[in-house]
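A short worksheet on the structure shown next.
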Amino acid sequence: MPKGGVNAPVPVAPDAIPAVDPRLIVRQEGIKGYLGEFRRRMSSGELGSLPVVLALIVIWSVFGSLNSSFLSAQNLSNLSQQIVGTGMIAIGIVFVLLLGEIDLSVGSVSGLCAALFAVLNVTHGVNEWVALLVALAGGAAVGLIQGVFFAKVGVPAFVVTLAGNLGWNGLMLQVLGATGTVNLSGKDIVSRLYSTIYGQQIAAYGTAAVGVALFAGASLVDARRRRAAGVPFRPVADIVLRTVLLAIIAFLAAYTLNQYKGLPLALLIFLIFIVVLDFVLRRTGYGRQVFALGGNIEGARRAGINVAWIRMSVFTICSTMAAVGGLFLAAQIQSASQTSGGGNLLMNAIAAAVIGGTSLFGGRGKTWSALLGALVIGSIQSGMNIQGVSNAIQFMITGAVLLAAVVVDSLARRTQKAAGRA
């Protein structure tokens, strides 16, 4: 019993500071709240997408100053198509990295699924839609098999997917047969999905408008639900500011695309995948379980999460996205060959996810990381190609950027631990 009787106040430690939701600070203090919240995030290591955005600005500024054609509408439009294949694979990598794991087989899986589609459709005359579904189902099956070995048998994901990298590459060579190369017709569904460009200006501007409207609507609905539930919510001013910034970026991108040929269908599909899977991760119980598992596996297990099921499903999603990316890459070069899925594709896909802001330590990341990271890698390659830089130098620079991203992630994580927020 406290000294002084039953009603005497219980002493509180002088350094005990009540936790305050950042959205309350922003709502109460306006611009001052924004600046204070920004400083708090930076000091506690919550960098978000800021490093990659700054890196992208620097890269574009440097290459734009070296050669004006880099920032031309034609080059940026081509860049938006060229990053789709790698970006699709990177989305799947994001899911695996959220668990704190890695998938080294995505390159081989992408090549295998591209080979399945090409052989079925071109060599055997199977309907293009059937061939497409078989290729995607093949990717999902590969991911499920690898997920079972990892989640049920207990083989480390590194070993399972490293073995898969070799095994699925061998199966791809077997599928392609003696010729080793199958050329696409250029009129098949995969080629059309990649090469179609909507030349009407309303297509790009309309897509930008729809995207901004969906963002604003979702934000307002979320704020209303939070307010009704009596929990902190984003103020209208905050939502308006975010919507205006998004509108500027979206309509500037639409204007740039319209200065060349228009809106590439491949880019639109890429953005749809990002938005839908972002919703899955951030707005569904499944997504929360993925984050929980990546943050603390033992805590997630004790909370009743089916760890094995989540692991298997994540690897299935990853391989399915590898199949999607492989099909777009095949359409880009109009063929499936023995080199499909090889080269530096695996490293570029992993680098795109990590450079974009997904943590290698699990529990932190988003699908938009795939877009930002793919833009950084694609911009470096495009800029150096324009400058006539050799592939050797490109590899070294890309590796240095990847290392820098991991260093930033490690330092941010250390800062968060010091601030008690990890």
Side-chain angles (χ1 to χ4, degrees), residues 78 81-90 92-93 103-146 160-195 266 318-352 374 377-378 381 385 390-392 394-395 398:
N78 291 335
Q81 278 184 288
Q82 293 164 0
I83 66 172
V84 170
T86 303
M88 289 287 194
I89 300 175
I93 292 292
D103 189 338
L104 300 178
S105 68
V106 289
S108 295
V109 173
S110 69
L112 170 62
C113 295
L116 283 173
F117 174 82
V119 170
L120 288 174
N121 180 240
V122 177
T123 305
H124 298 290
V126 176
N127 178 272
E128 58 183 7
W129 286 102
V130 174
L132 176 63
L133 292 176
V134 170
L136 295 177
V142 166
L144 181 59
I145 292 171
Q146 294 183 153
V160 172
T161 57
L162 180 61
N165 182 48
L166 299 173
W168 306 126
N169 185 64
L171 181 57
M172 178 192 72
L173 299 179
Q174 185 69 29
V175 169
L176 289 172
T179 59
T181 300
V182 178
N183 294 321
L184 300 180
S185 64
K187 299 180 180 179
D188 56 272
I189 181 61
V190 173
S191 298
R192 296 199 304 273
L193 289 176
Y194 179 81
S195 61
C318 183
S319 291
T320 303
M321 293 308 302
V324 175
L327 292 171
F328 275 103
L329 290 171
Q332 183 176 339
I333 62 175
Q334 283 293 288
S335 69
S337 67
Q338 294 178 347
T339 60
S340 296
N344 60 339
L345 175 61
L346 171 62
M347 291 299 101
N348 280 345
I350 296 176
I377 294 177
Q381 294 175 343
N385 285 335
S390 66
N391 287 334
Q394 292 187 31
F395 291 162
T398 304

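In this chain, numbering begins with 1 at the start of the sequence shown.
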Subject >> Non-hydrogen side-chain atoms of V106 and C318 separated by less than 4.5 Å >> reply: yes
Original post:
Does L162 reach the side chain of L104, with side-chain heavy atoms less than 4.5 Å apart?
Top reply: yes
So does [Y] get a backbone contact from the side chain of [X], meaning a donor-acceptor N/O pair under 3.5 Å?
| X | Y | result |
| --- | --- | --- |
| N344 | M347 | no |
| T398 | Q394 | yes |
| S340 | A336 | no |
| E128 | N121 | no |

Nearest 0.5 Å, please: how far is [atom2] in [Y] from [atom1] in [X]?
| X | Y | atom1 | atom2 | result |
| --- | --- | --- | --- | --- |
| S110 | L346 | OG | CG | 9.0 Å |
| M88 | I83 | CE | CD1 | 10.5 Å |
| S185 | Q334 | OG | CD | 7.5 Å |
| F328 | Q82 | CZ | CD | 14.5 Å |
| Q174 | W168 | CD | CH2 | 13.5 Å |
| I377 | N348 | CD1 | CG | 5.0 Å |

Are side-chain N/O atoms of [X] and [Y] paired as donor and acceptor at under 3.5 Å?
| X | Y | result |
| --- | --- | --- |
| T339 | S337 | yes |
| S108 | N165 | yes |
| Q146 | T161 | no |

Original post:
Q338 and T181: side chain to side chain donor-acceptor pair (under 3.5 Å), yes or no, with the steps?
Top reply: CA-CA 7 Å; Q338 294 178 347; T181 300; over 6 Å; no
Original post:
Listed by chain and number, what are the side-chain contact (heavy atoms from CB on, under 4.5 Å) partners of T123, not counting sequence neighbours?
Top reply: V119, V182
**OP:** Measure across G143 and S319 and return the closest heavy-atom pair with its distance rounded to 0.1 Å.
**Re:** CA-OG, 3.2 Å
**OP:** For residues T179 and L176, report the shortest heavy-atom separation together with the two atoms involved.
**Re:** OG1-O, 3.6 Å
**OP:** Could you check L132 against L327 for side-chain contact (heavy atoms from CB on, under 4.5 Å), going step by step and ending with a plain yes or no?
**Re:** CA-CA 9 Å; L132 176 63; L327 292 171; 3.4 Å; yes
